[in-house]
Amino acid sequence: MIDFLKSVLGKEAPGSKNLAKERLRLVLVHDRATVSPHLLESLKEDLIRVISNYMEIDEKTLDVQLNREDDSVALVANIPIIKMKRTYQDAKA
Amino acid sequence: MEPVILKGNREGVVVHLDCNLDFNELCARIEAKIKAADTFLGNKTEVIINSGSVAFNFGQAQQLRDLLDSLGLGIKKFIPEVNNQEEVLKDIPVPQVVIDDTRFLAQGPALIIRKNLRSGQSIFHDGTIIILGDVNPGAEVIATGHILVIGNLRGIAHAGAKGDTRAVVFASRLQPTQLRIANFITRAPDEEVLVPLEPEIARIKDEMVVIEKYMQK
Amino acid sequence: MGEVVVITSGKGGVGKTTTTANIGTGLAALGKRVVLIDTDIGLRNLDVVMGLENRIVYDLVDVTQGHCRLKQALIKDKRFDGLFLLPAAQTKDKTAVTAEDMKKLCCTLKEEFDFVLVDCPAGIEQGFKNAIAGAEKALIVTTPEVSAVRDADRIIGLLEANNLPGPKLIINRIRPDMVKRGDMMNIEDMIDILAIDLIGVVPEDEYIVVSTNKGEPAVLDMDSRAGQAYRNIAKRLTGAEVPLINLDYEEGIVNKLKRLLGFKG
């Protein structure tokens, strides 16, 4: 009844479409991430290249993965640092 | 040999039957025998029916159960077991009826199918096909001989598939998507047509597929 | 030289076959020479939607296995001389057709036709691979539902991986009243998510059921709203620019009242 009143008064009428869109957005992040298994591999290579400009890292134990939870997907990288570089090379130099 | 013999063994009372006798006659003899042995058999005794090498069909078994029940007895089991499968076929007069008609002269052994053919199913037989059931749209029946459908024919039927123009297609309700006999093809008209109310038969007449009522002589 | 267009969706029941029949008929009505190929072996339906089921003698499998000539298997439409159907096999083994077969077939057909429309089966198995094998363009049918859009997204990815980029989207069975209420995703929502070009929006229309019952594609009915949408898609496929039809046909209650009260003609 309250819902009905709310919708009549036009105050809080979200409809289900926004819910649909949000669920779809999430599910597609999952789907697209699993569709391309190469994605993580190439992301890892890029990360190593960029980070190596600043610090020495342990490439062997470097771990990059997508963590999927119910309502979010997060990129989690665990990158052990061996040594900080005293001076960093400017990538453009 | 006595057609009905009562014997007792470890399992109980066994009724040995001689199945050379007509079934109804046999039933009468069983009744007489059991009535005579009334005092010997207790009430509600479950007996074993041994019919030697002949298996009773489902209908006969039921008749025997009813008979013994009326005599205050039960049946524990049948030796050999009752044949549940084949009885239907024996009672169906279709093959005999059609063989009387010269239009159904046999062309090789007939294949009898007792089920509905559904979309996507296809039957081929070198000879005549008899279907006791419906042929739905999307199903096809191909025979080098005749096709007889005791049911609705709504799918595709191809009789005389190797070119025999004498082949016919019979159906209780003949409303096929497409009908082929030998090298002739007809299809259902595009407009809606009335459902045929009586069996019809299709055959080749003067280089054309004609459909006529089966009953007209 | 014509073009080969596959109509696909991933999910079943979103209207691939209806779409194929209507766009094909629409193109034929514009004077194009069109052939429709049903690749859903074992579950053919395009013949019924087109009302041609009683004319089938040979089918796709007969053609690929050389049981008949291609010309013999093409069924001429009842309404248009330039419209043909190559039906799927219903009773044969579905592994009988290969992607290579389809490629060859599409190549041969596009020599003679302006449009070769391939109706794809649901799913992403061999049937899908066959259907897209000879295609140069793809139309993706979806409905405004989470499941259908998700599958459409998967299909778009697979098409890209199979060198069939730039598919166009058809949003089918949209209900303007529900969109208005906020209970159905709107066109922008879906385009936003799928990020592909739109080629048409087809409103939900009861007439589609009637037309399928009759075997007469809705595109031929001038009163059918879905038919109008399909006519527009057909025109867009020929390269014409046609604006989207206004789906907002439901009158607002205020306007309705005004009209009832005689304020507005």
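A note on names: the letters A, B, ... follow the listed sequences, proteins ahead of strands, and every chain is numbered from 1. Since we're looking at a predicted model, the values are computed, not measured.
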- Does a side-chain heavy-atom distance below 4.5 Å link R150(C) with L28(A)? yes
- Query: What closest approach, in Å, do V146(C) and L24(A) show between heavy atoms, and which atom pair accounts for it?
  - Reply: O-CD1, 3.4 Å
- Query: Would you call K21(A)-D189(C) a salt bridge at under 4.0 Å N-O?
  - Reply: yes
- Hey, is CD on E188(C) packed in by over 12 heavy atoms from elsewhere, all under 6.0 Å? yes
- Task: Determine whether more than 12 heavy atoms belonging to other residues, nucleotides or ligands lie under 6.0 Å from atom NZ of K110(C).
- Result: yes
- Message: If you compare all heavy atoms of M185(C) against all heavy atoms of K17(A), which two are closest, and at what distance to 0.1 Å?
- Response: N-CB, 3.7 Å
- Can you see which heavy atom on S16(A) is nearest to which on D183(C), and at what distance? N-OD1, 2.8 Å
